[in-house]
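Just below is one structure, and these are the notes that go with it.
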Amino acid sequence: MSEKPTNFIRTKIADQIKQGQISEIVTRFPPEPNGYLHVGHAKSICLNFGLAEEFGGRCNLRFDDTNPEKESQEYIDAIENDVRWLGFEWSNLCHTADYFEQLFDWALHLIRNGDAYVDEQSAEAMRLNRGTLTEPGVDSPYRDRSPEENEALFCKMRDGELPEGAAVLRAKISMSAPNVNLRDPALYRIRHIAHPRAGDQWCIYPTYDYAHGQSDAIEGITHSLCTLEFEDHRPLYEWLLKKLPVPSRPKQTEFSRLELEGTVTSKRKLNALVQAGHVSGWDDPRMPTIAGMRRRGYSPEGIRLFCERIGVTRKPNTIELQILEGSVRDDLEGRAHKAMVVLDPLKLVVTNWDQAPLELTVPWHPKRPEFGSRTMSFGRELYIDRSDFALDPPEGFFRLIPGGSVRLKYGFIVDFDDVVIGDDGQVSEVHVRYDPATRSGEDQSGRKVKGTIHWVHAESACAVDVHLYDRLFTVADPGSYDDPASVINPESLIVGQAWAEPSLHTRMPEAFFQFERVGFFKQDPACEADRMIYNRSVTLKDAWAKKQ
RNA sequence: UGGGGUGUGGCCAAGUGGUUAAGGCAGCGGGUUUUGAUCCCGCCAUUCGUAGGUUCGAAUCCUACCACCCCAGCCA
């Protein structure tokens with residue numbers, strides 16, 4: 001295989017180690033538990049955990065849980081599950097909430113040094129006084145309170161004596177900074193609301209800007225990796241680290257976030273789709289969430305391969321869906337069991353077959369003998385896919401046609417005999433004669449046919465449901481719509497019935513399958529034993545369809 | 001019109017002054033094939049946003065310009 005592609009962060013770390021500037025790296029993946037993880041998070045997870053792994057360092061999973069309004073235990077559990085499923089194990093499981101006491105003490109430190117003050121302006125007034133992108137802001141009338149007064153007020157905030165919105169703690173930096181993030185950013189706000197982890201211990205909560213860098217410092221993070229939109233926050237990140245007696249000095253490095261063609265990677269918008277019932281949940285197989293991709297039948301290795309292929313840079317980028325699908329296919333090709341399933345059945349009658357059904361031994365994977373084999377019965381009545389027969393074949397069609405022959409994979413070559421047209425004018429049956437000398441594995445006839453098609457034995461086949469997924473949206477950039485629901489693809493899910501060889505069900509439910517010549521499928525975890533559901537993860541490449 | 005970023009083939013992406021500008025995906029052509037899949041082979045940027053300049057030599061240095069992205073939450 002090819003070696004791992006490099007990127008600017010990896011190169012920098014390798015360099016720092018070589019120069020002896022650092023001996024160990026510590027990274028962290030810091031999701032806010034306000035939704036499920038999506039493919040964009042997968043990129044970050046692979047980066048953070050991957051780097052730590054590669055350089056023999058550590059990586060923490062840290063819940064950036066500073067805003068109890070949006071966070072919940074359901075999300076916390078789902079995130080842990082998703083990270084593990086992707087194949088990573090954290091060094092420490094951390095919660096910003098566990099640092100609340102320390103963060104509070106440090107806030108006092110800022111206040112006592114005159115670096116923070118309690119502002120009692122309304123949110124509206126603060127917004128107005130912040131100025132604009134081109135004009136400086138105006139100092140708050142509360143900006144020059146004494147440290148003593150600030151400390152007393154801040155303690156009142158903590159003690160619950162002030163209502164929500166009555167006051168915030170602000171860093172005292174500059175209201176005229178050209179970088180608006182430095183115009184006395186809020187550090188603490190009042191929220192009389194319980195926290196999923198801290199319970200009702202607190203009614204003031206730190207903001208991301210105040211909590212993040214300090215949390216990094218507490219954990220001894222060396223490389224704090226985040227996306228580009230936080231670049232303008234870096235001066236603030238550094239300002240706080242410099243003002244506070246923190247135990248270490250982490251460095252923030254930004255990279256560009258993943259943009260995936262045809263998908264939405266905004267937790268807010270994904271949540272809206274879930275809430276409105278446009279999808280069955282966060283784990284709907286059409287969702288770009290890790291849970292959705294898992295349920296759809298993507299493998300962790302396939303997703304990791306994808307993350308490796310897309311690289312890490314600071315450039316704006318939009319990744320084509322083909323790269324994700326191609327990565328998944330490439331991984332699944334080697335690990336999926338190959339089964340025969342007919343999605344759109346057409347009865348095939350082998351007119352010269354008068355014997356009992358024949359049991360054929362068929363390998364689960366032609367190149368992987370260790371996968372073992374199963375038996376398939378072959379008899380007089382079979383189903384083939386309707387698309388594998390053409391009364392009036394187009395140029396280049398080499399499946400079954402009047403007067404023609406095809407091989408039934410792992411079975412025999414059959415020669416066209418006759419066709420039966422139903423009342424609806426459609427072909428209802430195709431009659432063929434099999435050539436006994438052409439049995440797979442012992443064919444000495446010397447016959448060669450152009451096409452090989454899949455089939456199932458009508459008598460023993462099992463009916464299963466198949467869920468055929470297509471892209472969730474009709475446009476390439478649903479994320480740029482305020483309401484992506486307005487461009488939902490009404491055909492993003494097609495439920496069909498199929499006939500499967502019975503041994504499909506003898507495999508474990510976790511198994512990945514390739515339905516030969518059709519696509520990769522995975523059993524849906526929610527289906528019942530008497531009505532199996534297989535989700536189509538991704539189709540096979542199809543040069544014939546493309547030519548059409 | 002403020003600040004911070006980014007521009008290398010259809011999509012990603014190496015490359016940081018010196019052979020014919022890596023590689024992946026997609027595409028195209030061919031071979032193998034009992035999956036029109038997989039696999040294998042070959043092709044696919046005289047050119048690095050544009051225009052100047054420095055240099056024996058530039059995607060890499062300088063200047064100007066252009067385009068696009070992010071920032072005015074008590075979200076992260």
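Per chain, numbering begins at 1; letters A, B, ... match sequence-line order.
- In this structure, A:Phe416 and A:Phe389 have parallel ring planes: the angle between them is below the 30° cut-off, well short of the 60° mark.
- Ring geometry, A:Trp544 versus A:Phe397: the interplanar angle exceeds 60°, so the pair is classed perpendicular (tilted spans 30 to 60°).
- Looking at A:Phe255 and A:Leu225, their side chains come closer than 4.5 Å, going by heavy atoms from C-beta outward.
- Remark: A:Lys315 is in phosphate contact with B:A13, judged by side-chain N or O atoms under 4.0 Å from OP1 or OP2.
- Along RNA chain B, the nucleotide nearest A:Asn7 and the nucleotide nearest A:Asp64 are compared for position; the residue whose nucleotide lies closer to the 5' end is A:Asn7.
- Counting any heavy atom pair closer than 4.0 Å across all strands shown, A:Gly441 reaches a base atom.
- For B:U35, the base has no donor-acceptor partner in the side chain of A:Arg517 [N/O atoms by modelled type, under 3.5 angstrom].
- Per the geometry, CG belonging to A:Leu324 stands 13 Å off P belonging to B:A26, to the nearest Å.
- Per the geometry, CZ belonging to A:Phe230 stands 13 Å off P belonging to B:C75, to the nearest Å.
- Within 4.0 Å of A:Val406, counting heavy atoms only, lies no atom of the nucleic acid at all.
- Nearer to the 5' terminus of RNA chain B, by closest-nucleotide assignment, is the contact made by A:Asn317 (compared with the other of A:Phe397 and A:Asn317).
- When the shell of 6.0 Å around NZ of A:Lys269 is examined, it contains more than 12 heavy atoms from other residues, nucleotides or ligands.
- Nucleic acid contact for A:Lys547: base, since at least one base atom lies under 4.0 Å from a heavy atom of the residue.
- In terms of phosphate contacts, A:Thr313 brings a side-chain nitrogen or oxygen within less than 4.0 Å of OP1 or OP2 of B:A13.
- Remark: the A:Glu259 side chain and the A:Asn317 side chain contain no N/O donor-acceptor pair separated by less than 3.5 Å.
- Ion pair A:Arg433/A:Asp415 not flagged as a salt bridge, since none of the NZ, NE, NH1 or NH2 atoms sits closer than 4.0 Å to an Asp/Glu carboxylate oxygen.
- As judged by a 4.0 angstrom heavy-atom cut-off over every strand, A:Arg191 is placed among the base-contacting residues.
- Side chains of A:Ser440 and A:Arg407: a donor on one and an acceptor on the other come within 3.5 Å.
- Regarding contacts with the backbone of B:C75, every side-chain N or O of A:Thr207 stays at 4.0 angstrom or more from both OP1 and OP2.
- The side chain of A:Thr134 lies closest to B:G2 when the candidates are B:U38, B:G2, B:C74.
- Within 4.0 Å of A:Glu516, counting heavy atoms only, lies at least one base atom of the nucleic acid.
- Here A:Tyr188 lies out of heavy-atom contact (under 4.0 Å) with every strand.
- Spacing between B:G7 and B:G49 at atom P, rounded to whole Å, works out to 8 Å.
- As a whole-Å value, the separation of A:Trp364 CH2 from B:U35 C1' is 15 Å.
- Distance from the side chain of A:Thr318 is smallest to B:C12 among B:U35, B:C12, B:C39.
- Taking side-chain N and O atoms only, A:Lys70 has no distance below 4.0 Å to OP1 or OP2 of B:A76.
- Glycosidic conformation, B:G30: anti, with the torsion outside 90° of 0.
- Contact annotation: A:Lys541 reaches the phosphate of B:A26 (side-chain N/O to OP1 or OP2, under 4.0 Å).
- Closest to the A:Glu333 side chain, of the nucleotides B:C75, B:C71, B:U38, is B:U38.
- The side chain of A:Ser440 has B:U34 as its nearest neighbour among B:A72, B:U34, B:C70.
- In terms of phosphate contacts, A:Arg183 brings no side-chain nitrogen or oxygen within less than 4.0 Å of OP1 or OP2 of B:G3.
- Residue-to-nucleotide contacts include a donor-acceptor pair under 3.5 Å from the side chain of A:His233 to the base of B:A76.
- Side-chain N/O atoms of A:Arg314 include one lying less than 4.0 angstrom from OP1 or OP2 on B:U6.
- Spacing between atom CG of A:Asp65 and atom C1' of B:C75 amounts to 14 Å, rounded to whole angstrom units.
- In the model, A:His41 has no side-chain atom that pairs as donor or acceptor with a side-chain atom of A:Arg257 under 3.5 Å.
- Within the 4.0 angstrom heavy-atom criterion, only backbone atoms of the sugar-phosphate kind lie near A:Ile319; the bases stay farther away.
- Aromatic ring centres of A:Tyr534 and A:Phe521 lie farther apart than the 6.0 Å criterion allows.
- Residue A:Lys367 is in base contact, counting any heavy-atom pair closer than 4.0 Å across all strands shown.
- A:Tyr205 comes within contact range of no nucleotide atom at all, as no heavy-atom separation falls under 4.0 Å.
- Separation of the A:Tyr188 and A:Tyr210 ring centroids falls under the 6.0 Å cut-off.
- Taking only side-chain nitrogens and oxygens, A:Arg309 never comes nearer than 4.0 Å to OP1 or OP2 of B:A26.
- As judged by a 4.0 angstrom heavy-atom cut-off over every strand, A:Gly451 is placed among residues making no nucleic acid contact.
- With distances taken from any side-chain atom of A:Thr66 to the nucleotides B:A76, B:U34, B:G3, the minimum falls on B:A76.
- The aromatic rings of A:Phe371 and A:His337 lie parallel to each other, with less than 30° between the two planes, well short of the 60° mark.
- In this structure, A:Gln514 reaches the bases: a heavy-atom distance under 4.0 Å links it to at least one base atom across the strands shown.
- Comparing B:C39, B:C74, B:C12 by their nearest atom to the side chain of A:Ile310 picks out B:C12.
- Nearest to the side chain of A:Arg130, among B:C75, B:G15, B:G73, sits B:G73.
- Looking at heavy-atom distances under 4.0 Å, A:Gly326 makes no contact with the nucleic acid at all.
- Between A:Arg399 and B:U34 there is no side-chain N or O to OP1 or OP2 distance below 4.0 Å.
- Residue A:Arg170 places no side-chain N or O under 4.0 Å from the OP1 or OP2 atom of B:G73.
- Using bins of under 30°, 30° to 60° and over 60° for the plane-to-plane angle, the ring pair A:Phe230/A:His233 lands in the perpendicular bin.
- Residue contacts shown for A:Ser122 include a base, since a base heavy atom lies under 4.0 Å away.
- The phosphate of B:U38 (OP1 or OP2) has no side-chain N or O of A:Arg329 nearer than 4.0 angstrom.
- Note: CG (A:Leu228) to P (B:G3) measures 18 Å, nearest angstrom.
- Atom CZ in A:Phe371 sits about 18 Å away from atom P in B:U35, given to the nearest Å.
- For the pair A:Trp544 and B:G36, the ring geometry qualifies as stacking, because the centroid separation is below 5.5 Å while the planes lie within an angle under 30°.
- With rounding to whole Å, A:His38 atom NE2 is found 11 Å from B:A76 atom C1'.
- With B:C74, B:C25, B:G15 as the choices, the nucleotide that has an atom nearest any side-chain atom of A:Glu320 turns out to be B:C25.
- Taking every side-chain heavy atom of A:Asp232 into account, B:C70 is the closest of B:C70, B:G15, B:G73.
- Among B:G3, B:A76, B:C71, the nucleotide with an atom closest to any side-chain atom of A:Asn67 is B:A76.
- A:Gln121 comes within 4.0 angstrom of a nucleotide base, judged by non-hydrogen atoms across all strands.
- Looking at RNA chain B, the stems built from 3 or more consecutive Watson-Crick or G-U wobble pairs, each pair with its key distances under 3.5 Å, are B:2-7 with B:66-71, B:10-12 with B:23-25, B:27-31 with B:39-43, B:49-53 with B:61-65.
- Taking atom P in both B:C71 and B:U19, the straight-line distance is 42 Å, to the nearest Å.
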